[in-house]
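A short worksheet on the structure shown next.
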Amino acid sequence: MRAAEDGLSAASSDEVSGMQASGKVKPAKESSKESALAEGRSAREAQRRLRPPGAKSVGWALVQAARLHRSRIGDRLAALDLFAGQEQVVQALAAAGTMTMGDLAATLRVRPPTASKTISRLAALGFVERRAEAGDGRIVRVRLTETGLARAAAIERLWDEVEAELLDGFDNKERRRLRKLLRKVARNLADVTGAVGHEAEAEIDGEDEDEALIAPDALARPL
């Protein structure tokens with residue numbers, strides 16, 4: 001019995017050796033190499049399958065850039081006790097001085113209740129104050145406090161710093177070109193959606209070349 005088993009073992013060994021010699025069975029080292037290559041191909045195929053469907057579209061790139069920009073702005077605003085979006089109210093009031101709630105909502109393109117809620121939060125922080133219109137208590141005017149004005153200046157600096165990060169490696173010509181292209185995108189979408197407020201931006205596209213070189217950081221800054 002043992003002799004028969006030894007014979008089978010020897011025959012099996014000889015058969016494997018013969019198959020290796022003929023190329024039917026590959027050495028372990030070569031087999032491991034091919035397995036690693038196959039795994040690499042599978043990983044690349046999986047990565048291609050996971051690639052977002054709009055990865056090659058301009059809109060997709062625009063959305064991703066805007067999302068990253070908003071996240072960066074939000075992180076910096078947190079140090080000023082502000083949430084993303086609230087800085088636009090502060091900037092609008094800093095530019096206008098005093099605004100009614102209706103004017104503020106129209107400027108920000110939000111519903112009046114949304115603007116009112118944001119103003120209430122900023123008032124609780126001491127950044128804005130509300131006063132009834134003399135002679136008509138139904139009209140409420142809003143303006144920044146001294147603390148709010150200081151925050152507005154800080155927001156301006158913050159935007160400039162993030163702008164520098166955003167456009168790192170861009171020369172003046174590229175910045176102007178990008179700004180004009182983004183405005184054109186906005187106008188195209190405004191035309192099909194009926195949005196308003198891009199007429200002034202269209203006029204800015206005709207700005208003097210030398211002036212644009214002096215102030216290349218005016219890219220799509222909100223209010």
Side-chain angles (χ1 to χ4, degrees), residues 62-168 175 178-179 182-183 185-187 189-191 193-204 207 215-223:
L62 185 61
V63 168
Q64 296 304 306
R67 184 175 298 166
L68 290 168
H69 180 266
R70 203 74 192 128
S71 176
R72 178 60 173 157
I73 289 290
D75 291 342
R76 297 293 303 275
L77 287 172
L80 300 178
D81 295 325
L82 291 168
F83 292 106
Q86 292 178 332
E87 88 283 4
Q88 297 182 45
V89 177
V90 174
Q91 288 176 301
L93 290 172
T98 301
M99 301 181 75
T100 65
M101 293 299 300
D103 289 342
L104 181 60
T107 299
L108 299 176
R109 299 175 192 169
V110 299
R111 295 180 302 166
T114 301
S116 179
K117 184 182 296 185
T118 301
I119 288 297
S120 294
R121 291 172 178 169
L122 293 175
L125 292 170
F127 296 164
V128 302
E129 60 182 9
R130 293 170 285 194
R131 291 184 179 180
E133 179 83 353
D136 191 346
R138 296 172 300 176
I139 300 177
V140 176
R141 291 192 173 274
V142 186
R143 69 178 183 180
L144 294 176
T145 62
E146 290 298 322
T147 302
L149 288 170
R151 284 294 190 279
I155 290 170
E156 186 76 12
R157 291 191 298 271
L158 180 155
W159 268 92
D160 288 341
E161 291 166 3
V162 175
E163 186 92 342
E165 296 172 349
L166 171 72
L167 298 176
D168 184 35
R175 294 182 183 209
L178 177 59
R179 183 172 63 245
L182 288 175
R183 285 179 179 145
V185 167
R187 288 197 300 273
L189 292 176
D191 288 344
T193 61
V196 296
H198 296 276
E199 295 80 3
E201 294 176 355
E203 296 174 3
I204 296 175
E207 65 188 355
D217 60 342
L219 173 64
R221 182 178 301 168
L223 301 175

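Because the structure is predicted, anything quoted here is derived from the model rather than measured.
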Nearest 0.5 Å, please: how far is [atom2] in [Y] from [atom1] in [X]?
X	Y	atom1	atom2	value
Leu178	Arg183	CG	CZ	10.5 Å
Ile119	Thr114	CD1	OG1	12.0 Å
Leu93	Asp103	CG	CG	10.5 Å
Gln88	Gln91	CD	CD	7.0 Å
Asp81	Thr147	CG	OG1	11.0 Å

Under the side-chain contact (heavy atoms from CB on, under 4.5 Å) rule, what do Gln86 and Leu77 come out as? Steps first, then yes or no, please.
CA-CA 9 Å; Gln86 292 178 332; Leu77 287 172; over 6 Å; no
Starting from the C-alpha separation in whole Å, work towards a yes-or-no answer on side-chain contact (heavy atoms from CB on, under 4.5 Å) for Arg151 and Leu144.
CA-CA 9 Å; Arg151 284 294 190 279; Leu144 294 176; over 6 Å; no
Which atom names give the shortest non-hydrogen contact between [X] and [Y], and what distance separates them?
X	Y	result
Gly148	Val90	O-CG1, 3.9 Å
Ala123	Val128	N-CG2, 3.5 Å
Gly74	Ala84	CA-CB, 4.4 Å
Thr145	Gly126	OG1-O, 2.6 Å
Leu108	Ala92	CD2-CB, 4.4 Å
Phe127	Leu82	CE1-CD2, 3.6 Å

Would you call Leu182 and Leu62 a side-chain contact if the rule is heavy atoms closer than 4.5 Å?
yes
Applying side-chain contact (heavy atoms from CB on, under 4.5 Å), run through Arg76 and Ile73 and close with a yes or a no.
CA-CA 5 Å; Arg76 297 293 303 275; Ile73 289 290; 5.8 Å; no
Output every pair passing side-chain hydrogen bond (donor to acceptor under 3.5 Å, both in side chains) with a member in residues 117-130, not counting sequence neighbours, ordered by first then second residue.
Ser120-Arg130, Glu129-Arg143
Check this for me: does any side-chain nitrogen of one of Arg157 and Glu87 sit under 4.0 Å from a carboxylate oxygen of the other?
no
Counting only heavy atoms from other residues, nucleotides and ligands, does the tally under 6.0 Å from CD of Glu146 exceed 12?
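No - once you tally the heavy atoms of other residues, nucleotides and ligands closer than 6.0 Å, there are 12 at most.
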Is there a donor-acceptor pair under 3.5 Å between the side chain of Thr193 and the backbone N or O of Leu189?
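The answer is yes, because a donor-acceptor pair under 3.5 Å joins these two groups.
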